[in-house]
*Asks:* 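So that we are looking at the same thing, I have put the structure below in structure tokens.
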Amino acid sequence: MGQLALDGTVADPDHMKGYNVTVDGNIASLRAIDAFVPGLSLPDVRRLTLRANVVDGSAADKEGSVPLLNSLHLDTGAVDAGQYLSGLTLQGLSIDAPGLKDAVTINSQGQWQGKGLKLTGTLGSLQQLDAAVMSHLAEALPLSLDLSGDPGSLRVAGTLGGSRAVVNVTATAGQLPLPNGAVLDHLDASTHLVSEDNGAHFQLSDLVVKSTQLALKGGLDLSVHGGAGGVPLVSGTIDASWLNADALMGPPAKADAQGVTAAPAQAKANDDALPFDELRKLDMDLRLTVAQMEFEGDTYRNALTHINLRSGVLKVDPLQAEGTGRRLSGQFEVDATAGKTPTVSGTIGTLVLPAAWLESKAGLSNMVQGALQVVGSVKTQGNTRTELRNGMNGHLGVSMVNGTVSGSALGQLLGDAARGALGSGPIALRCFGLHMAMADGTANVDTIGVQTNALTVTGKGTVGMVSQALDLHLVPQLMISGTGASVPLRVGGTLSAPRPKMDAGSDGRYAIGLLLGGSSGSNAVADPCPATLKAAREGATGPEPTTAAPKAEGGANGAAGLIGNSKAAPDVKKVGGLLKGLGILK
């Protein structure tokens, strides 16, 4: 197992004072000590060797003993440090200080997540280390540590402890992994850290971070008890000249064969109480600016936001940026003051959000992919997701151009009217938009518009904010090789399980339409995008579709009823295929 030898003298054995002892020992595995002292949870250290000279540092006329190290040599074999940093293993660790006034040197090498690392450094003299340990870091301790290897390098130099600690930190990395699967390439970072008032106040100044994905500078201030009621207070300013938000959000979730991405399980709707009380555990005052930002494939400039959190009231105002064809603006507030029902409110001039993120928050599979433009004004209150949804009041519009839509999801919503003709994979989306007013647990949708190369959908209806119950009246129009057909649908069920069926008029008849190619050169399908986008954006500006609306072969004259009034003879096979796809013919 191991052995331990003591050699030296004790001037006053009765009071254990005036000793000068050399400790010499080794142990095959540090964890063997666990059997004698349960609960230590020591790391797995192999072949540990220790040699140290320990002397009594107390005054002769004082009670008690103060052991001080006069020399130190510690050497180990393999060390499994995974309990401190996942994936970290050391081939060995060496700590040396030949004399009281000699620097304590540290040397080690190993691997982190399969990549080689090397550590070298000093902790000041052994005398300084003794003083810092005995005073619980009331005495300052100089340090200089260098970590280098395949992932990059990290240097920390300065002093720890005392009433004021000062540390300079520099770091480089060829590729630094982030927790969400994203990475920072060619990272170069540095900062100056000052700790005052015995660790009650920290200042992070001259912060500079540069990488392929971002470039920023700024400073942060942390006062451990500086907030309302003695909570921590974080304040500061961060200015970024470049930010690639798309890259920093990590790789997109993989879609299945039908182009549908499953919503994360943790994001699905439930009645769990939301952690509003966390907002009362920290105060914050942060100003963020971004000169240029890449987000959802678009470039934005002059982004600015101010985040203020105090006594449980979170305000984000302003939130603004200038994009291509649109200007982002908005403000949000969450009031989680103790003893009150939390309220959430926001006014959005224009905001752009990833469609996948927005749909996942609603607990839905992703029907569309791309950048959703959101406008409106919403206010609600409650402690749970259900209460917040049920209490929503206001109006909201969402729109998208030049994205994609899942053929499988459209087929589920429209039934036979789209399933056979569109297929199940992702489809290029020319435009999408809807606008709603919310009250009494129901969203009254006054505008619905979708257009792909083969399908146009318009309509309106209602959606239950909590139940997600549907009552939609839709008019899908399919185009196949220049021939179009439409049939009104009524969609019931829920968002996750819609039930479409043909929608009869007040007279009980079905208003089925057929559009046939002609020679007039006019559009066969009315373009819903201008009116849809105008309503969904509530008049705000935004980008336009980059593709033209679908046209019939040689044009068409609108047809009422099943056959209509066309100058050209219909292609019987095309018409038959369309009507079968719509479920009209079997």
Side-chain angles (χ1 to χ4, degrees), residues 214 216 218 236-246 248-249 279 284-310 313-335 343-359 361-362 368 370-380 388 392-403 431-438 443 446-447 449 529-545:
L214 64 87
L216 62 82
T237 300
I238 300 294
D239 298 309
S241 59
W242 163 247
L243 175 65
N244 188 335
D246 292 337
L248 293 177
M249 287 190 297
L279 296 178
M284 184 180 299
D285 188 0
L286 292 178
R287 295 182 183 273
L288 311 175
T289 66
V290 183
Q292 184 171 327
M293 175 175 63
E294 188 78 13
F295 181 60
E296 285 296 300
D298 288 336
T299 299
Y300 294 90
R301 292 178 172 82
N302 303 322
L304 168 67
T305 188
H306 179 205
I307 303 172
N308 184 274
L309 172 61
R310 189 167 183 84
V313 180
L314 172 65
K315 295 182 180 180
V316 181
D317 183 18
L319 180 61
Q320 63 186 44
E322 298 172 2
T324 305
R326 59 185 158 205
R327 177 179 174 83
L328 307 188
S329 64
Q331 58 187 40
F332 303 91
E333 179 174 320
V334 179
D335 187 345
T343 62
V344 181
S345 60
T347 300
I348 308 168
T350 292
L351 186 63
V352 174
L353 296 171
W357 180 86
L358 198 61
E359 289 178 313
K361 295 305 177 184
V368 293
L372 276 176
Q373 181 169 332
V374 183
V375 303
S377 179
V378 177
K379 185 172 184 178
T380 185
L388 291 176
M392 279 189 174
N393 284 275
H395 52 93
L396 199 65
V398 295
S399 61
M400 177 190 294
V401 296
N402 310 320
C431 74
F432 159 76
L434 61 86
H435 185 267
M436 68 185 78
M438 296 164 289
D446 53 66
T447 301
C529 293
T532 294
L533 295 176
K534 181 178 181 180
R537 293 170 176 170
E538 297 186 348
T541 59
E544 298 298 324

*Asks:* Does a donor on one side chain sit under 3.5 Å from an acceptor on the other, for Thr324 and Asp298?
*Replies:*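 No, because no side-chain N or O of Thr324 sits under 3.5 Å from a partner of the opposite role on Asp298.
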
*Asks:* Is Arg310 salt-bridged to Asp285, going by a charged N under 4.0 Å from an acidic O?
*Replies:*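 The answer is no: the pair does not qualify as a salt bridge.
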
*Asks:* Are Leu216 and Asp239 packed together at the side-chain level, in the sense that at least one heavy-atom pair is separated by less than 4.5 angstrom?
*Replies:*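 A side-chain contact is absent here, since even the closest heavy-atom pair is not under 4.5 Å.
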
*Asks:* For a quick test of reading the model, state the closest non-hydrogen atom pair linking Met293 to Ala303 and the distance between them.
*Replies:*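 For Met293 versus Ala303, the nearest heavy atoms are CE-CB, 4.4 Å.
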
*Asks:* Which of these, Val334, Leu279, Asp335, sits in a side chain to side chain contact (heavy atoms under 4.5 Å, CB included) with Val313?
*Replies:*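 The single option meeting the side chain to side chain contact (heavy atoms under 4.5 Å, CB included) with Val313 is Asp335.
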
*Asks:* Main chain of Leu304, side chain of Thr289: is a donor-acceptor contact present, judged purely on distance under 3.5 Å?
*Replies:*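 No: the side chain of Thr289 does not pair with the backbone of Leu304.
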
*Asks:* Specify the closest pair of heavy atoms between Ser345 and Lys379, including all atoms of both residues, with the distance to one decimal.
*Replies:*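 Taking Ser345 first and Lys379 second, the nearest heavy atoms are CB-CG, 3.9 Å.
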
*Asks:* Between Arg301 and Glu322, is there a salt bridge with N-O shorter than 4.0 Å?
*Replies:*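 Between Arg301 and Glu322 there is no salt bridge, as every charged N stays at least 4.0 Å from the carboxylate O atoms.
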
*Asks:* Check whether any side-chain heavy atom of His395 lies under 4.5 Å from a side-chain heavy atom of Ser377, and answer yes or no.
*Replies:*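 Side-chain contact under 4.5 Å: yes.
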
*Asks:* Please check if any side-chain donor atom of Thr299 sits under 3.5 Å from a side-chain acceptor atom of Glu294, or the reverse.
*Replies:*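 Their side chains do contain a donor-acceptor pair, which is all the 3.5 Å distance test asks for.
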
*Asks:* Does the side chain of Asn308 come within less than 4.5 Å of Val316's, by heavy atoms?
*Replies:*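 The answer is no, as the side chains (C-beta and beyond) never meet within the 4.5 Å cut-off.
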
*Asks:* Are any of the side-chain heavy atoms of Gln320 and Tyr300 separated by less than 4.5 Å?
*Replies:*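 No. Closest side-chain heavy atoms not under 4.5 Å.
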
*Asks:* Can you name the nearest heavy-atom pair linking Val378 to Met392, along with the distance?
*Replies:*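 Nearest heavy atoms, Val378 then Met392: CG1-CG, 4.2 Å.
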
*Asks:* Taking C-beta and beyond as the side chain, do Val374 and Thr350 meet within less than 4.5 Å on heavy atoms?
*Replies:*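 A side-chain contact is absent here, since even the closest heavy-atom pair is not under 4.5 Å.
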
*Asks:* Taking side chain as C-beta onward, heavy atoms only, is Met400 less than 4.5 Å from Val368?
*Replies:*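 Yes, their side chains come closer than 4.5 Å.
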
*Asks:* Would you check if the side chain of Glu359 reaches a backbone N or O of Pro354 as a donor-acceptor pair within less than 3.5 Å?
*Replies:*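 Not confirmed, Glu359 side chain does not pair with Pro354 backbone.
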
